Colleague: 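Got a structure here, written out as structure tokens. Questions coming.
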Amino acid sequence: MTDFGFTLSRSSALDLSKADTRLYEKLCSLSPDARTCMGCGSCSATCTAGPYSGMSLRKVILGLQRGQDVRPMLKGCMLCGKCTMVCPRGINTRQLILNLCRIYD
Amino acid sequence: MKENVVIIGGGVAGMEAAKQLLFLGYTPIVVEQKDHLGGHVSQWNRLFPDMASAQDLVRHLGEEIVDANIFLETKVNFINRLREGYLVMLSNGVSVACRAILVASGFRLFDAARKEEYGYGVYDHVITNADLENWFNGNPDPRVPASPKKVGFVHCVGSRDLKAGNSQCSKVCCMTAVKQAIEMKEHFPDAQIYCFYMDLRLFGKKYEDFYINAQQEYGVQFIRGRVSEVGETLDGHLQVKAEDTLSGKPLRAQLDLLVLMAGMVCNPEAAELARMARLEMDSDGFLRSADNISGIVGSNRPGIFYAGACTGTKTVPETLAEARSAALDIHRFIQGK
Amino acid sequence: MIERFSSGFHPFVLPFLAGMIFVLGYCVYGIVRILVQLPGEDRKRFLLSLITPRTFLKNIRDIFCDCLLHVKLWKRNRLLGYMHSSIAFGWFMLIVLGHIEVMLFLPERIHLFYYPIFFNFFVAETDSTIQGSLLFFLMDFFLLVILSGIGLAMVKRVRSRLFGMRRTARPSLLNQIGLYSLWAIFPLRLLAESFTAHISGGSFLTIPANWVFRQFLGNDLNMLPTWWAYSIALGVFMFVLPFTRYMHIPAEMMLIPMRNAGLKVRHARKGFARVQVYSCPNCGVCIDACPMSVDKANLKDCTVYLTRQMRRGNERRIAEISDKCLLCGKCEAVCQVGVEGPKLRVLNRAERKYAVKADYSDIPTGTLSGAATGGKVLYYSGCMSQLVPSIGRSMESIFRKAGVDYCWMDRDGGVCCGRPMLTAGRLEEAREIVRKNTEIILGSGADTMVVSCPICYKMFTEEYSLPGVRVIHYVHYMEELLAEGRLLSRRGDLCYVYHDPCELGRGCGIYEEPRRLLGRLSGIAEAEKNRSESVCCGGSLGSLSLSFAKREKITRAALDNLYTSKADAIATACPLCTATFARYADRPVRDLAEIVDLNTDGKLKPDTI
Amino acid sequence: MIYEGKQKIWKDYQKEIPDDHWYYVRSCIRQNFFPASERKFTDITQQVLGKDVYETPYHTTCGGIAYHCDAIPQETAMTIVARQFALMTEAGYENYVPSCVTSFGNYIEILETWREFPELEARIREQLWKATRREFKKPKYLAHTSDLIYHWRNEIAEKASVRLIDHETGEPMRMAEHIGCHYAKMFPSKGIGGAEYPYVLAGMIESWGGQVVDYPERRHCCGYGFRQYHMKANRGYCVSNTHKKFESMEPYGIQAILTNCPGCCYFMDRWQYVIAEQTGKTYGKDGFGIPVFTYEELAGLVLGYDPWDLGLQLHQVAVEPFLDRIGVRYDPKAKYLGLNKEDILRPELPTNLKCF
């Protein structure tokens, strides 16, 4: 390979058609309320783990919809339940997180 | 003899007003350019939030106004101010002297072809909300594939868009998109539906329930980001580009069908009427109401009233309520109270 | 008394004998298996306790009081108490008296353990003695007691409400067989003894019955069939016993010594947990107690069904029941046997494997720089308190008024105490969080840590080891401040009803202190169900699967209980309860900290603070 | 694709182009990249079509590159442009035609700015006067050189000796068109066919017998990006954009690309080499790339010019397969002979991209 001093940069674009959403669908079958997330961000704003680990449940759900690996974010969750308290859609966020931690393989 | 009231426009606003005026003892003269009454609603299939039949609404209103004078395929040629009232000359040669005129000229659907980047009229599988309603009504449309797997809805086509000449929100499209997304999923249970939105403006009664339902029961995915351009792939799919603003990343999707939620703009005929009757136009391109809070149905001319979407985007129930309100205001005006 | 059969045997005893041998064999096998399953340390501890005189006596007393006399049940519900103790104690007495009879009259037959049971069949009365009549009288008396108990049980079966129970557990088929065979045993015994009474003798019950029967049944042909039937009923009962709730009879006798030995449940399915599961008598008291029972859909998720499903090994249901529970601990509080429903659930949750493991290495532990030096007070409000800012604000105000040098550890968000993770069954993760907090707290140099959230408080007292740091609940702390005169109380005019948060009341046993504190500051009223009977607010983090919508019903039921007090406002001592109640309550909901702050002054004048 | 739909749009975006008397200005970078193209433009227009196209050696850069690289403020660019207009005025012309798309966009942007803010125009006039003692009239008509070739495309077609048809199969050549971003994306009404479905190049291809092929990333930037390219560290970003275009183009069997912008032609040609070296991937048939032509080159080819006179040897991607397809005769040995018929040396051949 010739060294030009620069290389093709990887596209940051998300391709919905190529996104692997099986995990998202699996999650939705276990936690159907995951579908009702409207991305308001309350969960992320109140998250205890957020400041330490960048955990954002909103991004987790969105990332799954886009077929991304969200494990790094999940690792920081302490299950404190504040997100459950603030979710305007009443999503059982703790169950969602636990289900998600289980279905990754 | 009963007193004449000219109603310009035979959509649901004009029909409802005619019905009320008949009840109040007047002879409404409904002037409609098209060959049928009911305006846009007559082309629609089902109406949110109760999924009522649009045709039924138009038919019921039609049954109520059989006693009115209805001139189809007729235009207003000019309006002359008389000492008391107006003389309205119609294109069919009839001229009517009346003390009150109701302008119910409605809206025009934004011409989606003007958003060239979406390729309406260029790509094989791009349709508008109106086309989809027409298809729901059982009229075949070659642009709707036999079994689409991925369907996209683009909100705000020709709304909130200075470049398209309409900076206003068309108000009903978000809800229409959610309704149509659900209906599409009912037609094609295997399809994944995406709604590309900038803001979801679901303001009305039970609209939010529709939204939640669309997400939970129908798995509709709402992607916050305006579609920037559409291309066609070799196999006839549509390649849509947008920014997934919630991810902060550019997003691509291949779709089988794209539905453009064309917004509402003022009927250009209204500008013509405004010129004839010296009515004022508002900055949003619609007719200017006497007052946007307490005098929505009033105009700047005595005896000329407005109802429905000629003064701005309206839902069907809002239009009907305005029509009733206008009929009452006309009655009070004629009674001199 | 003479023996009617020189062999001392009749074939009709065989069903009983077989049943008895089966059940004894099963129990021995069960005991050995459980002992094997116990961790070595626990096993040693348990066996030692059996021979320690103090625990030995306690075991005897507890078994007598709990298993036979049902003292706890008497305290809770006399009718139910009578019903259970009449059968248990009555039967026990029949067996004891039977043995006394044998020992007294035919001591050489005492080694045949069917003999005391069927004594009346094998003997003929030759002369009446005082001891004989007394024994016969007592036999008839206790039989009557049992029969009265069985009569009540039959009524309860159809009209449980008469016994103060709205709902009872639905018995399975085997349980029904067990139940009906148990019911049959004693009337059959009465019949058998009655038919034999003119030979063997009897007392006030059997003699008249014998006379009545002989009036129209002139011969003794009925005698043998009734003894057969009696034996068969006993046999059937004993054969099904291991597979029915009646297994609780032997299991409880194992449970009591284990509990007295101080054993803890360490594994969801093994050892002590197994004993607890088998000890559940399926009485169903937990169904009414369970706050989730306000919703019919949750009726089958109470502890009684957990133990049933655990016996059946229905993994799907076990997971479902374990996940749904609020862990409010009420079932445990009302349980007559001492089945630790919440603990079993948490351990069942812990059985689950998670592919994504937590990693808290990003959490810095040296963040409390400039915090406490010796003598300083560390205040930990907990995550949930951030959603009820009045708690933290009030605590700060109280600290200032009392002139306390304090540091709010998690003012801008801190590390969770770990209890939610623990109750979710992710024990390793919880331990990791505990390690992080321990580092932070010990590194702060504080010697006192005030905790206002009962969830956190329970965690800090039970799972943390914080040498040199006194962890104190804010109720105690505020009481201390008042007692030391650093805070001056002033009575407000509102009347509060105090809601016992699950984790503080049943969880930590703190019932009276909050009431005492509240009573100094305001009027106080009691809800219909209070203290250990308090109803969970429904917001509990214990439940993993209860949806927001389902929780609403529970919250409203808890509020309805509080409304029975007619108080002006609700006081509680938990941010989660406060936030949950505030959502639906028709009157103000305040945390104790807020009430204390409202109704106290500092010794210092306000402008010098 | 509904062709009538496009035709409707094309009808909406037409502009008036006078048939004669143009003042011609060259592009800065084209003179280095593809010098023959500009030379042939004058040849074709003046000699073949007999038009009055005037140019002066005194004109300079329009300042567009510096402006788009944020190196100079717009006012400086305006003053430079004002001088260009002054030269045109002095030469007695009022139709202005730049050969560079960025210049074209720059002129339009400046003229539109002046229309909105006449006081700015007045200031620029004053500055030009102070600096050069020159005065100018704004051009009456402004067109890009591709607009002119488009305008005369049918006349060229009539004089053509070669058509864009595979001379073996008789099928039209499958060609993509690529419009420079500054041509119509800023002011869609100023480009022929608008911004979304521009017709300026498509019209030439259609007139000369080829078939225009659309592909999803047709509108995407070529991967020049001015200041992005000028920072070496950012070139990966530039070439990634080109890569994206070629990836999108790949399934369509495109045989050549027609461009109207100096940068586009150059970068879409050269980046194919970089992509091939970095990823091993080539996009034409049999290991070749897809040739990228300027409209002058394509016009020259159909008019029967010798490919080497058109400067096609300066392309990185080999043009020979395309020439063979449309039946253009050429002498392979003459490829690297200069105008004086002497050897101009041979470039080193790339590893992955097949070249001659």
Side-chain angles (χ1 to χ4, degrees), chain A residues 22-23 26-27 29-37 42-57 60 63-64 68-105, chain C residues 319 323-324 349 352-365 367 382-388 410 412-426 429-430 432-433 436-437 453 455-456 539-552 575-576 579-580 583:
Chain A
R22 279 174 302 180
L23 209 57
K26 202 169 165 190
L27 176 71
S29 66
L30 293 169
S31 290
D33 50 2
R35 288 193 194 281
T36 63
C37 172
S42 307
C43 49
S44 317
T46 198
C47 182
T48 298
Y52 303 115
S53 63
M55 167 67 176
S56 159
L57 188 59
V60 164
L64 281 178
Q68 295 169 321
D69 183 4
V70 298
R71 276 173 292 188
M73 270 194 278
L74 283 177
K75 283 175 186 290
C77 174
M78 298 185 232
L79 280 187
C80 75
K82 281 173 79 186
C83 45
T84 311
M85 293 294 282
V86 298
C87 178
R89 282 281 170 90
I91 299 174
N92 190 346
T93 52
R94 285 174 7 114
Q95 190 187 29
L96 192 154
I97 292 167
L98 285 173
N99 280 337
L100 195 52
C101 285
R102 281 173 71 193
I103 58 179
Y104 259 109
D105 43 29
Chain C
D323 282 1
K324 208 184 234 184
R349 292 174 185 181
R352 215 162 284 164
K353 296 282 171 284
Y354 291 93
V356 180
K357 298 268 183 291
D359 176 6
Y360 304 121
S361 53
D362 289 341
I363 299 177
T365 50
T367 45
C383 304
M384 280 300 159
S385 301
Q386 283 168 0
L387 298 177
V388 188
D410 53 350
D412 304 315
V415 182
C416 172
C417 67
R419 183 143 178 87
M421 201 47 117
L422 184 84
T423 54
R426 303 188 70 180
E429 270 85 355
E432 185 58 37
I433 297 175
K436 283 284 171 188
N437 269 324
C453 170
I455 307 169
C456 309
S540 167
L541 290 172
S543 174
L544 300 179
S545 64
L546 264 186
S547 68
F548 178 72
K550 299 235 169 202
R551 287 170 186 261
E552 182 180 343
L576 197 49
T580 308
R583 224 175 258 143

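Since we're looking at a predicted model, the values are computed, not measured. Reminder, nothing fancy here: chain letters follow the sequence lines and each chain counts from 1.
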Colleague: What part of C:Arg352 lies closer than 4.5 angstrom to a heavy atom of chain A: side chain, backbone, both or neither?
Modeller: side chain

Colleague: Among the options C:Lys353, C:Glu432, C:Arg426, C:Glu429, pick out the one with the most heavy-atom pairs lying under 4.5 Å from chain A.
Modeller: C:Arg426

Colleague: Given side chain to side chain contact (heavy atoms under 4.5 Å, CB included), test A:Met78 with C:Ile363 step by step and report yes or no.
Modeller: CA-CA 11 Å; A:Met78 298 185 232; C:Ile363 299 177; 3.8 Å; yes

Colleague: Looking only at atom types and distance, does a side-chain atom of A:Asn92 sit under 3.5 Å from a main-chain N or O of A:Asp33, one as donor and one as acceptor?
Modeller: no

Colleague: Provide the closest heavy-atom pair for A:Leu96 versus A:Ala34 in the form atom of the first, atom of the second, distance.
Modeller: CD1-CB, 3.6 Å

Colleague: Which residue pairs pass the salt bridge (charged side-chain N to carboxylate O under 4.0 Å, His left out) test when at least one of the two sits in residues 354-364 of chain C, sequence neighbours left out?
Modeller: none

Colleague: Look only at the side chain of A:Tyr104 and the backbone of A:Asp69, and say whether a donor-acceptor pair between them is shorter than 3.5 Å.
Modeller: no

Colleague: Using a 4.5 angstrom heavy-atom cutoff, name the option from C:Leu576, C:Leu387, C:Thr580 with the most pairs to chain A.
Modeller: C:Leu387

Colleague: Identify which of C:Cys417, C:Gly414, C:Gly382 forms the greatest number of heavy-atom pairs closer than 4.5 Å to chain A.
Modeller: C:Gly414

Colleague: Can you tell me which residue pairs pass the salt bridge (charged side-chain N to carboxylate O under 4.0 Å, His left out) test with a partner in residues 81-90 of chain A, sequence neighbours excluded?
Modeller: A:Arg89-B:Glu208

Colleague: Closest approach of C:Ala424 and A:Leu79, non-hydrogen atoms and distance?
Modeller: CB-CD1, 3.5 Å

Colleague: Please state whether the side chain, the backbone, both or neither of A:Thr46 comes within less than 4.5 Å of a heavy atom of chain C.
Modeller: side chain

Colleague: Side chain, backbone, both or neither: which part of A:Cys80 has a non-hydrogen atom closer than 4.5 Å to chain C?
Modeller: both

Colleague: In terms of heavy-atom proximity below 4.5 Å to chain A, should C:Arg419 be classed as side chain, backbone, both, or neither?
Modeller: neither

Colleague: Please report the shortest heavy-atom distance between C:Tyr360 and C:Lys436, naming the atom on each side.
Modeller: O-CE, 3.2 Å

Colleague: Under 4.5 Å from any heavy atom of chain A, what part of C:Ser543 do you find: side chain, backbone, both or neither?
Modeller: backbone

Colleague: A:Gly81, A:Cys77, A:Cys87: which one forms the most heavy-atom pairs within less than 4.5 Å of chain C?
Modeller: A:Cys77

Colleague: If you tally heavy-atom pairs under 4.5 Å against chain A, which of C:Ala430, C:Cys416, C:Gly413 wins?
Modeller: C:Cys416

Colleague: Could you tell me which of C:Ala358, C:Ser547, C:Cys383, C:Ala579 has the largest number of non-hydrogen atom pairs under 4.5 Å with chain A?
Modeller: C:Cys383

Colleague: Examine whether an atom of C:Leu546 lies under 4.5 Å from a heavy atom of chain A, and if so say whether it belongs to the side chain, the backbone or both; otherwise answer neither.
Modeller: backbone

Colleague: Please check: side-chain N/O of C:Thr423 versus main-chain N/O of C:Pro420, any donor-acceptor pairing under 3.5 Å?
Modeller: yes

Colleague: Which atoms of C:Leu544 come close to chain A, meaning under 4.5 Å heavy atom to heavy atom: side chain ones, backbone ones, both, or neither?
Modeller: both

